[in-house]
Protein chains: 2
Amino acid sequence: MTYELYYWDGIQGRGEFVRLALEEAGADYVDVVRDPHRGTTEMMALLKSDAEPCIPFAPPFLKDGAQIVSHVANILFYLGPKLGLAPKDEALRIFANGLQLTITDFVAEAHDTHHPIAISKYYEDQKDEAKARAAEFRDSRIPKFLGYFERVLRHNPDGSAYLVGDAIGTVDLSLFQVVEGLCYAFPKAMKGYERHYPAIAALHGAVRARPRISAYLASPRRLAFNENGIFRHYPELDADSA
Amino acid sequence: MTYELYYWDGIQGRGEFVRLALEEAGADYVDVVRDPHRGTTEMMALLKSDAEPCIPFAPPFLKDGAQIVSHVANILFYLGPKLGLAPKDEALRIFANGLQLTITDFVAEAHDTHHPIAISKYYEDQKDEAKARAAEFRDSRIPKFLGYFERVLRHNPDGSAYLVGDAIGTVDLSLFQVVEGLCYAFPKAMKGYERHYPAIAALHGAVRARPRISAYLASPRRLAFNENGIFRHYPELDADSA
């Protein structure tokens, strides 16, 4: 069965966390909105359906046959075991899900650096507030979140190569993507992050070097970061870390 | 086995979503920080542990024997089947988890109305920005989220009494709590909400009338809403809905 991923075209966005898992597993999937034979209309029809029982609130969502799964963490929890990217142990799967939800929060905060007041308004209309929120994000929140994931890697009884257990999982791929996004959006603040978070930096490098991931990153399926996505590079929101 | 809930004392906060599930099920649990024989120290020791493999990022978290489960949605996904508050059907459990994550986002946005810039700073230091963000929340976000849940109730093939299936689940209790919080924080904006969202209003009333929930709400275990929690009543952030 081909997985169907529904997400906006033109940005990596939250869909990217799902794509990385599908790509790492070499799964058979179609990126519905980007597919020339499908497109946005199909996604909007589902979102606006007046009958579908399991309507999603927003993209991304995944269709696996009749099952619709929405929210990144939910999609990855669902896909993990099917793609061989989840711990076999149930207790560790629950732990991994908690980590994934911490990443969800981290990503939402990264988004709010450029939209602290209203997602319905332009960045330019909330630039001053964005500067204040971005400063807080750089100085307090990035260190808090990265410090946490560094500790989790360090405490892993199976070694510091992965966040959970002794094999790569969806949450490792997601942490890779967060680091990619932060380095794009806040190159000054992230400069030298490897010194403070060596286990995260090692994980980031190891994910990047995985054959399917590196092939994916070099392919046209991987869009470039841009200023419509979650991680945006606005130089005025960046600064050397305190 | 007694469940151990770890959360800050003094506020309902995110811990309340877990409490409502435990209370509805009549589960054996201890609210660790509020327990006179336990207290905050124990929670902080766990959060700051230098050895624990499954350290949480933040409260609330649940201990069930050796298993630590963090994040509200993860805790409820874990507890649901054990407490008889989850659909038996796996596909519906996944759908319910997606709804719970939509509630997570809704709650985070409710929080950010009074802290749009920095959670490390006082409300008073971000009051103007809070007014702008609260206006967006009242005029755009509340209608979007409540409109969504109203549709989900209306589309439920098993009837509009519950969000998923034909029996009460953790996500119904959570939606009840969100409505409680919104009515406390934004009484003007929520005035007459029943007309626009009749299925949500009916669910809210039905949850409130459940014997264990009404006993809980009348007990000293249920703290009052206050201006340290997620849902805060600052009159200057409220207004009649557009």
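Naming: A, B, ... by sequence-line order, numbering from 1 per chain.
- Across all non-hydrogen atoms, the minimal contact from B:K48 to A:R151 is C-NH2, 3.4 Å.
- The salt bridge (Lys or Arg N to Asp or Glu O under 4.0 Å) pairs that include a residue from residues 96-119 of chain B are A:R133-B:D112, B:E109-B:R141, B:D112-B:R133, where partners are two or more places apart or lie in different chains.
- The greatest number of non-hydrogen atom pairs below 4.5 Å with chain B, out of A:I75, A:I94, A:N97, is found for A:I94.
- Shortest non-hydrogen contact noted between B:P116 and A:I117 is CB-CD1, 4.5 Å.
- Contacts of B:L163 with chain A are absent, with no heavy-atom separation under 4.5 Å from either backbone or side chain.
- Contact count versus chain B (heavy atoms, under 4.5 Å) is highest, among A:P53, A:A118, A:S49, A:C54, for A:C54.
- Although no hydrogens or angles enter the test, the distance criterion places no donor-acceptor pair under 3.5 Å between the side chain of B:Y148 and the main chain of A:A58.
- Counting heavy-atom pairs under 4.5 Å between each of B:P157, B:A73, B:S120 and chain A puts B:S120 at the top.
- Contact of A:L47 with chain B is made through the backbone alone, with heavy-atom distances under 4.5 Å.
- Chain B forms the most heavy-atom pairs under 4.5 Å with one residue out of A:A91, A:A130, A:S70, and that residue is A:A91.
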task = Carefully, step by step, assess A:L101 and B:L101 under the rule side-chain contact (heavy atoms from CB on, under 4.5 Å).
result = CA-CA 9 Å; A:L101 290 168; B:L101 290 168; 3.3 Å; yes
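- Between chain A and the options B:V164, B:V152, B:N74, B:V72, the largest number of non-hydrogen pairs under 4.5 Å is found for B:N74.
- Going from atom CZ of B:R93 over to atom OH of A:Y78 covers 13.5 Å, rounded to the nearest 0.5 Å.
- For chain B, the option among A:A132, A:A134, A:P56 with the highest count of heavy-atom pairs below 4.5 Å is A:P56.
- Note on ring orientation: taking the six-membered ring where Trp is involved, the planes of A:F57 and B:F145 are parallel (angle under 30°, cut-offs 30° and 60°).
- Only the backbone of B:A51 comes within less than 4.5 Å of a heavy atom in chain A; its side chain stays farther off.
- The candidate from B:K144, B:R154, B:H71 with the greatest count of non-hydrogen atom pairs under 4.5 Å with chain A is B:H71.
- When the heavy atoms of residues 121-129 of chain A are compared with those of chain B, the residues falling under 4.5 Å are A:E129, listed by number.
- We find the NE2-CD distance between A:H115 and B:E136 to be 9.5 Å, quoted to the nearest 0.5 Å.
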